[in-house]
Structures are given as structure tokens and as C-alpha cells.
> 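Got a structure for you, questions after.
Hydrogens, waters and symmetry mates are skipped; everything else that's a heavy atom, side chains included, is used. One is the number of the first residue; the rest follow in order along the sequence.
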Amino acid sequence: MDSNTNQTELETKAREWLIERGVTLNDIAELVYYLQSKYHDDLKMEDCLHNVDRVLTKREVQNAVLTGIQLDKLTEQKKLDQPLQKTLEEDESLYGIDEIVAFSIVNVYGSIGFTNYGFIDKQKPGILKRLNDKSTGECHTFLDDIVGAIAAAASSRLAHATADDQLLDD
């Protein structure tokens, strides 16, 4: 994996907040592997991790991570007004704004990301299963969708690189 040594304050904070909320880059890379392994016979976790790392360098992704995590934290602290507080606590299925934030991430690497995101959002493998466990008392209304979207975007990036027979250099 390439080391991103020129991180902005925004990127550094987004990465820190993911870790603080219990999500590692390896967790997200496992989701990428889940999405892409049947399409790539020689797919390695390091390739998945590299693509996750590259997705996290995008400002749109960093903004989505920080916004979503902040709203989840405020929900846990019961600092939102009703009826939004209850809506986010319960992760109401018709709310949809959490998915809209996720779509801002998915859009970074093209339309294939939408199908990857929809699939993984329904399957909820790996870290997504834990983030959707309401019994923990934690609120991950936004984070579960954000993590799935990062994995979907990284999968799309990987698919585009494979189709071009070279790694993207962004």
C-alpha cells in the first residue's frame, strides 16, 4: 500500500474518526474483497487496501465521513431536536438522508459504485453487520452507509483500473 504522506487536516481527521468509531481500513478492505474477489482470480487484500486508501484521499469522501460521524455522535449524546433525534436513533428506513450522503462517496468513481453499494448495503457483511447492531447503544445511522459507500467506491476504482489494465494514478 502506498503511504499517503501529504494528508490534509481534513483527511487526517476523517481517518482518525473512522478508527475512533471502530472502523479500520482493513475492515473496509475486507468489504472490497467481498465485492470483487469473484471477478479477480488473483485479488490480494493489499490491492483492496490500496484502493480504500486512495478513496479516502478525496475531499468529498472526507466531508461525508466527518458529517456523518458528527451526526451519529450528536444522536448518541441526545443533542438533536425531535423528531430528528428519534429518527436517527431508530435509523428509520424512510429517512434516506444517510444514503444520500453515501451516494456522494459512490459518485466519485462512476455508476458501477451504485450497484456495488446497493448490493453490500443489503448483504451487510463484515463490519457492516456490527455497525447495524442496534443492541450496542451506539448510533451508526450514517457510518454504516458511509463505510459501505467507501468500499463500493474502492471496488469501482479497482474495477476501472482492471478494465484499463493499469492502476489509476489519482
Side-chain angles (χ1 to χ4, degrees), residues 10-11 13-36 38-39 48 51-160 170:
L10 186 66
E11 181 180 349
K13 187 59 74 175
R15 289 171 182 267
E16 286 174 4
W17 282 14
L18 284 169
I19 298 293
E20 287 173 12
R21 299 298 285 182
V23 178
T24 68
L25 298 190
N26 283 329
D27 291 331
I28 303 171
E30 287 173 6
L31 297 174
V32 175
Y33 191 85
Y34 177 84
L35 286 167
Q36 290 295 306
K38 63 183 166 188
Y39 304 110
C48 298
N51 282 284
V52 169
D53 184 65
R54 298 307 301 159
V55 167
L56 286 170
T57 65
K58 300 296 187 180
R59 182 173 294 275
E60 298 95 330
V61 175
Q62 298 156 12
N63 285 327
V65 168
L66 294 179
T67 301
I69 289 175
Q70 186 68 60
L71 287 167
D72 285 346
K73 288 168 133 181
L74 291 170
T75 302
E76 285 176 357
Q77 298 165 10
K78 302 200 181 304
K79 291 190 174 179
L80 301 174
D81 292 337
Q82 295 297 350
L84 185 58
Q85 177 69 40
K86 183 176 185 236
T87 299
L88 295 185
E89 281 175 341
E90 295 178 0
D91 194 3
E92 288 183 12
S93 61
L94 295 178
Y95 176 62
I97 305 303
D98 46 341
E99 281 85 8
I100 299 300
V101 171
F103 290 158
S104 71
I105 294 170
V106 172
N107 269 333
V108 174
Y109 290 100
S111 61
I112 189 174
F114 281 97
T115 55
N116 283 328
Y117 173 73
F119 178 75
I120 207 162
D121 189 47
K122 287 294 181 194
Q123 298 289 312
K124 304 226 187 291
I127 187 72
L128 297 179
K129 181 177 181 182
R130 183 183 69 76
L131 293 175
N132 276 281
D133 181 359
K134 307 289 187 260
S135 70
T136 66
E138 297 173 312
C139 176
H140 300 298
T141 297
F142 283 86
L143 185 58
D144 67 319
D145 293 305
I146 288 168
V147 167
I150 294 169
S155 295
S156 299
R157 186 180 188 282
L158 180 65
H160 283 291
D170 63 345

> Between the side chain of N132 and the main-chain N/O of L128, is any donor-acceptor distance below 3.5 Å?
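Such a contact is found between N132 side chain and L128 backbone.
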
> Walk me through it: do R59 and L10 pass the test side chain to side chain contact (heavy atoms under 4.5 Å, CB included)?
CA-CA 8 Å; R59 182 173 294 275; L10 186 66; 3.3 Å; yes

> For the atom pair CG (N116) and CG (L158), what is the distance rounded to the nearest 0.5 Å?
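Between atom CG of N116 and atom CG of L158 there are 9.5 Å.
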
> Hey, what do you get for CD1 (I69) to NE2 (H140), rounding to the nearest 0.5 Å?
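Reported value, rounded in 0.5 Å steps: 9.5 Å.
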
> Going by heavy atoms in the side chains, are K124 and D121 under 4.5 Å from each other?
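Yes, side chains in contact.
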
> Would you check if the side chain of D144 reaches a backbone N or O of L131 as a donor-acceptor pair within less than 3.5 Å?
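A pair under 3.5 Å: no.
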
> With a cut-off of 6.0 Å (strictly less than), are more than 12 heavy atoms of other residues, nucleotides or ligands near NZ of K134?
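Counting neighbours around NZ of K134, more than 12 heavy atoms of other residues, nucleotides or ligands fall under 6.0 Å, so yes.
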
> Sequence neighbours excluded, which residues qualify as side chain to side chain donor-acceptor pair (under 3.5 Å) partners of E76?
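E76: side chain to side chain donor-acceptor pair (under 3.5 Å) contacts with R21.
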
> Please round to the nearest 0.5 Å and tell me the distance separating atom CG of D27 and atom OG1 of T24.
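Here the interatomic distance stands at 3.0 Å.
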
> Between T67 and A64 (side chain of the first, backbone of the second, donor and acceptor by atom type, cut-off under 3.5 Å), is there such a pair?
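Not confirmed, T67 side chain does not pair with A64 backbone.
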
> Where do Y109 and H160 come nearest, in terms of heavy atoms and distance?
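Here Y109 and H160 meet closest at O-NE2, 3.1 Å.
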
> Between the side chain of T141 and the main-chain N/O of L88, is any donor-acceptor distance below 3.5 Å?
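Looks like yes, one N/O pair under 3.5 Å.
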
> Distance to the ring centre below 6.0 angstrom and angle to the axis at most 45 degrees; does that hold for K38 and F119?
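That pair qualifies as a cation-pi contact.
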
> Are any non-hydrogen side-chain atoms of V55 and I28 less than 4.5 angstrom apart?
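No, too far: nothing below the 4.5 Å cut-off.
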
> Do the side chains of Q85 and T75 get nearer than 4.5 Å, heavy atoms only?
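Answer yes - side chains close enough.
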
> Excluding sequence neighbours, so at least two apart, what forms salt bridge (charged side-chain N to carboxylate O under 4.0 Å, His left out) with E89?
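By the salt bridge (charged side-chain N to carboxylate O under 4.0 Å, His left out) rule, E89 matches K78.
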
> Please table the atom pairs, donor to acceptor, closer than 3.5 Å between any side-chain atom in residues 95-106 and protein atoms at least two apart or in another chain.
| unit_1 | atom_1 | unit_2 | atom_2 | d |
| --- | --- | --- | --- | --- |
| S104 | OG | V101 | O | 2.5 |

> Could you check if a side-chain atom of R15 sits within less than 4.5 angstrom of a side-chain atom of L56, using non-hydrogen atoms only?
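Of all side-chain heavy-atom pairs linking L56 with R15, at least one is under 4.5 Å.
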
> Looking only at heavy atoms, which two atoms of I120 and A151 are closest? And how far apart?
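Heavy atoms only, the tightest pair is CD1-CB, 4.5 Å.
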
> Taking all non-hydrogen atoms of both residues into account, name the closest pair between C48 and A29 and its distance.
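Shortest heavy-atom separation between C48 and A29 comes out as CB-O, 3.5 Å.
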
> To the nearest 0.5 Å, what is the distance between CZ (R157) and CD1 (I112)?
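Between atom CZ of R157 and atom CD1 of I112 there are 14.0 Å.
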
> Would you give the length of the straight line joining atom CD1 of I150 to atom OG of S155, rounded to the nearest 0.5 angstrom?
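It is 11.5 Å, given to the nearest 0.5 Å.
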
> Between T136 and R130, is there a side-chain heavy-atom distance shorter than 4.5 Å?
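Contact flag for R130/T136 side chains = no.
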
> Measuring from L66:CG to L18:CG, what's the distance to the nearest 0.5 Å?
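L66 CG to L18 CG: 8.5 Å, rounded to 0.5 Å.
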
> For L31 and P125, which heavy atoms make the closest approach, and how far apart are they?
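Heavy atoms only, the tightest pair is CD2-O, 3.4 Å.
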
